[in-house]
Amino acid sequence: MTVPSQVPSYQFPDGFVWGVATASAQIEGASTEDGKGESVWDRFATLPDKIKEGTNPSVACDHYHRFAADSDLIRDLSLGAYRLSVAWPRVVPDGDGAINPKGLEFYDRLIDGLLDRGVTPWVTLFHWDLPQALEDKGGWTSRATVGAYARYAEIVVKRLGDRVKHWFTMNEIPCFIGYGYGSGYFAPGRRESAKVVNQAYHHAILAHGEGVGVVRAFGQPGSQVGLVHNHLPPPPIPFIETAETIAAAKVEYERTNSQLMGPIFQGKYGDVFLNAAGADAPVVQTGDLEIISRPTDFLGLNIYAGDFVRARPDGSAELLPFPKQYPHGDLPWLRVTPEVLYWGIRLAQEVFGVKAFHITENGAAFDDTVTADGEIIDTDRREYIRNHLISVHRAIAEGYDVRGYFLWTLMDNWEWAEGFTKRFGIVRTDYETQARIPKLSARWFSEVARQNRVV
Ligand code: NOJ
C-alpha cells in the first residue's frame, strides 16, 4: 500500500486577505447623533412587529463611540483587513442634500485608526441603510435614487479615497430589493408588483455601475472596486459530481442569477430572465447597460448555505430536500453545506465568466452559551467556518482566483429583522455593558490568519 506523499496543509496563497466584516446600521448606534439622518431601518424598526423583540438600531454595539477599542480588537486578532460600511444618512442626512461634516469626520477617524493599527479598510458604500428621505420619494423604485447614490459615492470616495483603496459598491441587492420591496420582510417593508420590483433591481444595478465609475474617476490610482453579491435562492450544489449534475446546476445557477449577473458581467439581460419576466421586465434606458457592465476588479460573494440538486432527465435541476438530521445554525436558512463555497465560486466563473473573487461574508449564528467562567466555547461556529474554508481552499487549489475571506462578523450585532436575537460574532457583545468577549472561534480564526492556512 502506498501512503499519499502529501497531506493537505490547507495553506493559502501569499497575500491572501483575512478579515472580518460588519455593516454600519448593525453596529454603529448613535442613530441621531452628530447630525445623522434617519435611515429606512431606523424607521422600519418603529413599526409594530417588524423586528424581533421590537428592538432598533439606535445603540446597537455603540461602535460609533467605541470604534477605537473595536479597531484594537481587530488588530489583536491579527486580522489585516476589515470590511466596514459607510452610513449614507450619516454623510448626507436627507440623501441628496447637504453634506454632514461630522459624519465624514467620523469615517476619517475610523479609517485613520485602522491604518495606524496596520488594518486595511475595505469600504462598502451602501449596506442597506438608505436615507428615509429618499425612500419618501420612492426609494429604489425611483430612478432619482441612482443619481443620489452616485453623488453620495463621489462625496465619500473624494474624502476617503486618499486612504481607502478597496471599495464595494453595494451589498446584497437581492436582499435589500427582494425583501425590501417584494416580500416586505426588510426595510422599507414594501410589497410591490413584480414589475416595480424588477425596476428597483434595475436601479440598484445601475447605481452599482455608477459606483464603479466614481471609484475609477476619483479613487487613487490602483484602487479596486466590485459588487458584493448574494445568491437568492442559494447556489445549487451538485449532489453527485458528474457532468450531467454539474450541467443541471449551471442551468439552475443561470436561471436564478441572470437578472443581476447577466447585465453586470455580460452587459445584457439574458433570455432566461427576459422570458420569465415577460411584461414585468424593467424599462432600460439607452446607455444603462454600458454603465452597469463597467469592468470591476473582483466579485464579492456572501455565501452561507446552498441547496443540493440532482439532474432531471430534461437537464434541469431538481432540488433535493435538506437532510433532516443534518445541522443548521440558529436560523432556518443557515443550513450547513460547506461545499457551497466552492460551487458558488465555480458556478459564477463558469456561467457568467467572473474572473476574481473575494468571499465578503461567511459565518454563522449559533445560540452561544456563556460558561460559569465567562467563556464562549463555540465549537459549532468553528466547525462551520473551518469546513467552509476548506472548500475555499479547494477552489484555489483548482485555480480559481479567490483573493480574500471576510468572516461575518466581528462581534454579535443587530441582525436586521431578527434584532439582537441572533449572534453571528466571533466576539460576544454583552448588550448590557457593551463588553466585547472574544469567543473560542476568534482565537482559532486569529491563528488561521496568522498562519495563512486552515489550522
Ligand atoms: C448578509 C448581510 O450582508 C449581513 O448584513 C447579515 O447580517 C448577514 N448576511 C447575516 O444574515
Side-chain angles (χ1 to χ4, degrees), residues 19-29 39-42 44-45 50-52 55-57 60-61 63 82-88 122-130 167-180 183 185-188 204 208 226-235 260 299-306 328-337 340-341 344 358-368 378 380-381 384-385 388 404-429 431 441:
V20 279
T22 64
S24 46
Q26 294 180 271
I27 63 166
E28 284 180 3
S39 80
V40 291
W41 280 94
D42 295 326
F44 192 60
K50 298 297 185 196
I51 312 289
K52 284 243 176 79
T55 56
N56 62 57
C61 302
H63 174 75
Y82 175 43
R83 176 179 168 234
L84 63 106
S85 80
V86 171
W88 184 347
W122 291 64
V123 175
T124 309
L125 289 163
F126 178 68
H127 197 130
W128 304 356
D129 38 5
L130 186 75
W167 299 94
F168 299 110
T169 53
M170 50 180 65
N171 182 74
E172 296 199 353
I173 295 171
C175 274
F176 74 84
I177 298 295
Y179 292 157
S183 70
Y185 168 58
F186 276 0
H208 152 77
L227 172 73
V228 173
H229 181 52
N230 72 308
H231 310 89
L232 204 63
L260 267 80
L299 174 65
L301 287 177
N302 293 354
I303 304 183
Y304 291 85
H328 60 80
D330 192 19
L331 280 155
W333 54 263
L334 206 47
R335 301 178 298 277
V336 180
T337 53
V340 70
L341 261 78
H358 282 277
I359 298 302
T360 34
E361 285 183 33
N362 172 246
F366 286 104
D367 185 11
D368 295 322
D378 54 340
D380 40 18
R381 185 172 290 102
Y384 176 99
I385 300 165
H388 284 75
Y405 176 94
F406 293 84
L407 192 150
W408 186 268
T409 178
L410 171 63
M411 57 196 161
D412 299 335
N413 57 46
W414 196 67
E415 175 59 22
W416 309 111
E418 301 294 327
F420 295 110
T421 64
K422 304 298 167 195
R423 293 180 176 271
F424 275 90
I426 52 170
V427 174
R428 182 177 178 86
T429 305
Y431 295 111
S441 60

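What you see is a predicted model, and the numbers here were worked out from it, not measured in a lab. Just follow the structure's listing: the first ligand is 1, and inside any ligand the first atom is 1.
- The atoms of ligand 1 that sit less than 4.0 Å from any heavy atom of E415 are 6 (C), 7 (O), 10 (C), 11 (O).
- Between K422, E361, E418, H127, it is E361 that holds the heavy atom closest to atom 9 (N) of ligand 1.
- The closest side-chain heavy-atom distance from Y82 to T22 is below 4.5 Å.
- Below 4.0 Å from some heavy atom of N302 lie the following atoms of ligand 1, by number and element: 3 (O).
- Within the 4.0 Å heavy-atom criterion, the part of N171 lying near ligand 1 is the side chain and not the backbone.
- When each of W41, F44, F176, F424 is tested with W416 by the rule ring-ring contact (aromatic ring centres under 6.0 Å, His included), just one qualifies, namely W41.
- Using a 4.0 Å cut-off between a side-chain N of Lys or Arg and a carboxylate O of Asp or Glu, R428 and D378 do not qualify as a salt bridge.
- Two residues are said to be in side-chain contact when any heavy atoms from C-beta on lie closer than 4.5 Å; T429 and W414 fail this criterion.
- At a 4.0 Å cut-off, at least one heavy atom of W333 sits close enough to ligand 1 to count as contact.
- Salt bridge annotation for R83-E361: present, with a cationic side-chain nitrogen under 4.0 angstrom from a carboxylate oxygen.
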